[in-house]
*Asks:* 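If you scroll down you'll find the structure; I have some questions about it.
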Amino acid sequence: MNLPHVQIITFGCQMNVCDSERMAEILQAAGYTVSLGGEDDAVGSADVLIVNTCSVRAKAEQKALSLIGTYAKQENPPLIVMAGCMAQVHQRELLGKVTAVSHFVGPNDYYRLPELLGGSLKGRKVWTNEPQCGEAHDFIPAACSHTGPSAFVTVMKGCDNFCAYCVVPYARGPERSRPAQDIYDEVKRLTEQGVQEVSLLGQNVNSYKGSGSVATFADLLRYVAEVPGLKRLRFMTSHPKDLSADIVKAIADVPNICKALHLPVQAGSNKVLKAMGRGYTREHYLDLLQMIRSYVPDIALTTDILVGFPGESESDFLETASLVELADYTDLFVFAYSPRPHTKAAELVDDVPQKEKVARLTKIVEIQNIHSQKHMEKLLGKELKVLVEGPSKSDKSLITGRTEGNKLVHFSADVKPGSLVTVKITAIGTHSLRGELCHG
Ligand code: 5AD
Ligand code: SF4
């Protein structure tokens, strides 16, 4: 008997991308054929559709529901499974409303997918257990079948911060750290399988809690960076209130830790930061950036900005805009606030009109574009190490790779994915660079 073809479509953050890979590996090990894709890759040929959803913003939820609607209208619709944060957060209300979904599986129950699709769990629609600290299946290691030059490795899950706007603590549960030895062993195995670059993932990696000689995240970085053959080590996401000088010193000292840091600030006004419950001030954050740059002058600093939080006045917003000017990020992501269920901010009046949110978002993008462009110009003529990913998506005659600062570079060469090559930067685009391979 042929086992069904499973298609997994992923919305949201890197944690979801990583979870989808783990789901695919679990199902492949059980004999299923699995294809993985993002929202743009959706095609309607599978027997089973798993939609790995994101609840961080209302828009991501609407997109997932509309995708499910499209599949459900097909002549022979697939069996539809909703996975991820929406399944965890909304399963009760969606159960009666979105009847096209056969099963809801939260982020803590992916290990059950083979049983569920095999039919032995047919009677039950909802699999959304609360995470139990220390459960073996909480951190599913990457499979031996992992291919490609880069891999994600989860080091911690959940979040205890409860920022006023954020649904993550309700979707992903309390913070729990994975034992350092397990992390090391997984990175070592991946490196032996040909992986060159590992990104350590967690909602707030800076508050990693280990034990013994690997007690902190700084210890963990130094420990994992020692895995023989590992060329690049990245990590995300960092919280400004928990970023220690020790972490920054590790970035500065250890050659294979990428000189790049994503440090979401969210807002530049102390009033808004306080209302968000972020646990730091504008001044503390700017001092932090100074400290970071004193250790790692050329670090690629990126951030997240949230505009239109309830009560954000024009002058609060101007403080965010001025912080973006001062911080001189290499890149940023900016989002318009949308109220999320369970959160403290959902009880506040969402009083910044949508039009104003969009205007503020556009203003931040305009400011940042100038800084991004300036940072890219500094790279012109430089010879940079680039990790090759594969053929360029826009021009198949070129290949694409990433710099240590996470910039995409397109160039012409006959080199395999996973090669670490030196490329001279010859031109800059809006979001990517062009270059020439350096020989010798
Ligand atoms: N509305 C809009 N953006 C949000 N984010 C988190 N919660 C919300 C929300 N309710 C943004 C934050 C976070 C990023 C991952 O998503 O900027 O850092
Ligand atoms: Fe959400 Fe704040 Fe936790 Fe980040 S630190 S996941 S923004 S609650």
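Atoms within each ligand, like the ligands themselves, are counted from 1 in listed order.
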*Asks:* Given Ile305, Thr343, Val56, identify the one with the heavy atom nearest to atom 6 (C) of ligand 1.
*Replies:* Val56

*Asks:* Which bit of Phe335 is near ligand 1, meaning a heavy atom under 4.0 Å away: side chain, backbone, both or neither?
*Replies:* side chain

*Asks:* Does only the side chain of Asn204 get under 4.0 Å from ligand 2, or the backbone, or both, or neither? Count heavy atoms.
*Replies:*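 Neither part.
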
*Asks:* What residue and atom, counting heavy atoms only, is the protein's closest point to atom 5 (S) of ligand 2, and at what distance?
*Replies:*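 Scanning the protein heavy atoms, the shortest distance from atom 5 (S) of ligand 2 goes to Asn161 ND2, 3.4 Å.
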
*Asks:* Would you call Arg360-Glu312 a salt bridge at under 4.0 Å N-O?
*Replies:*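 A salt bridge links Arg360 with Glu312.
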
*Asks:* Hey, is there an N, O or S on Cys166 sitting under 2.8 Å from atom 1 (Fe) of ligand 2?
*Replies:* yes

*Asks:* Does a salt bridge link Arg22 with Glu25, judged by any charged N lying under 4.0 Å from a carboxylate O?
*Replies:* yes

*Asks:* Check ligand 2 against Pro169 and write out every atom of the ligand that is under 4.0 Å from a heavy-atom position of the residue.
*Replies:*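 Every atom of ligand 2 under 4.0 Å from some heavy atom of Pro169: 8 (S).
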
*Asks:* Counting N and O atoms only, with roles assigned by atom type, does the side chain of His375 sit under 3.5 Å from a partner on the main chain of Asp328, one being a donor and the other an acceptor?
*Replies:*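 It does hold such a pair.
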
*Asks:* Check ligand 1 against Ala336 and write out every atom of the ligand that is under 4.0 Å from a heavy-atom position of the residue.
*Replies:* 1 (N), 2 (C)

*Asks:* Should you measure from each heavy atom of Tyr165, which atoms of ligand 2 turn up under 4.0 Å away?
*Replies:*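 Here the atoms of ligand 2 in question are 7 (S).
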
*Asks:* Please report the shortest heavy-atom distance between Ala250 and Ala218, naming the atom on each side.
*Replies:* CB-O, 4.5 Å

*Asks:* At less than 4.0 angstrom from any non-hydrogen atom of Leu306, what atoms of ligand 1 do you find?
*Replies:* 1 (N), 2 (C), 3 (N), 4 (C)

*Asks:* When you measure from atom 16 (O) of ligand 1 to every protein heavy atom, which one gives the shortest distance, and what is it?
*Replies:* Arg57 NH1, 2.7 Å

*Asks:* Look at atom 18 (O) of ligand 1 and say which protein heavy atom is nearest, naming residue and atom and giving the distance to 0.1 Å.
*Replies:* Asp304 OD2, 2.7 Å

*Asks:* Return yes if a side-chain donor-acceptor contact under 3.5 Å exists between Asn206 and Ser238, otherwise no.
*Replies:*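 Note: Asn206 and Ser238 side chains meet the donor-acceptor criterion.
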
*Asks:* Evaluate the criterion side chain to side chain contact (heavy atoms under 4.5 Å, CB included) for residue pair Leu49 and Leu79; output intermediate values, then yes/no.
*Replies:* CA-CA 6 Å; Leu49 174 74; Leu79 177 92; over 6 Å; no

*Asks:* Check Ala345 against ligand 1 and report side chain, backbone, both or neither, counting heavy atoms closer than 4.0 Å.
*Replies:* neither

*Asks:* Looking at Arg232, is its backbone amide N or carbonyl O close enough to the side chain of Asn256 to form a donor-acceptor pair, meaning the two atoms are under 3.5 Å apart?
*Replies:*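 No, because the side chain of Asn256 does not come within donor-acceptor range (under 3.5 Å) of the backbone of Arg232.
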
*Asks:* Would you mind checking if Glu197 and Arg402 are paired as a salt bridge, meaning a charged N to carboxylate O distance below 4.0 Å?
*Replies:*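 Glu197 and Arg402: not salt-bridged.
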
*Asks:* Please confirm whether Arg172 comes under 4.0 Å of ligand 2, counting heavy atoms of the residue only.
*Replies:*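 No, that is not the case, since the closest heavy atom of the residue is not under 4.0 Å from the ligand.
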
*Asks:* Is the Tyr223-Tyr184 ring centre distance short of 6.0 angstrom?
*Replies:*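 Yes: the rings meet the under 6.0 Å criterion.
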
*Asks:* Judged by atom type as modelled, is there a donor-acceptor pair below 3.5 Å linking the side chain of Lys385 to the main-chain atoms of Leu420?
*Replies:*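 Not a single qualifying donor-acceptor pair exists.
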
*Asks:* List every atom of ligand 2 that sits less than 4.0 Å from any heavy atom of Phe162, numbering the atoms from 1 in the order shown and giving each element.
*Replies:* 8 (S)

*Asks:* Nearest to atom 1 (N) of ligand 1, what protein heavy atom do you find, and at what distance?
*Replies:*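 Of the protein heavy atoms, Ser338 N, 3.0 Å lies nearest.
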
*Asks:* Counting non-hydrogen protein atoms only, what is the nearest one to atom 17 (O) of ligand 1? Give residue, atom name and distance.
*Replies:* Gln266 OE1, 2.7 Å

*Asks:* Under 6.0 Å from the six-membered ring centre of Phe411 and within 45° of its axis: does the NZ or CZ of Arg434 meet both?
*Replies:* no

*Asks:* Taking only heavy atoms of Cys159, which atoms of ligand 2 are found under 4.0 Å from at least one of them?
*Replies:* 3 (Fe), 5 (S), 6 (S), 8 (S)

*Asks:* Is the distance between atom 2 (Fe) of ligand 2 and the nearest N/O/S atom of Cys163 smaller than 2.8 Å?
*Replies:* yes

*Asks:* Any Lys/Arg nitrogen of Asp298 or Lys382 sitting under 4.0 Å from an Asp/Glu carboxylate oxygen of the other?
*Replies:* no

*Asks:* How far is atom 7 (N) of ligand 1 from the closest protein heavy atom, and which atom is that?
*Replies:* Tyr165 CD1, 3.2 Å

*Asks:* Check ligand 2 against Arg278 and write out every atom of the ligand that is under 4.0 Å from a heavy-atom position of the residue.
*Replies:* 2 (Fe), 7 (S)

*Asks:* Which atoms of ligand 2 sit under 4.0 Å from any heavy atom of His239?
*Replies:*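 This gives 5 (S) as the contact atoms.
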
*Asks:* In the structure I gave you, are the side-chain heavy atoms of Val153 and Arg178 within less than 4.5 Å of one another anywhere?
*Replies:*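 Answer yes - side chains close enough.
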
*Asks:* Can you list the atoms of ligand 1 that are under 4.0 Å from a heavy atom of Arg340?
*Replies:*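 So the answer, numbered in order with elements, is 10 (N).
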
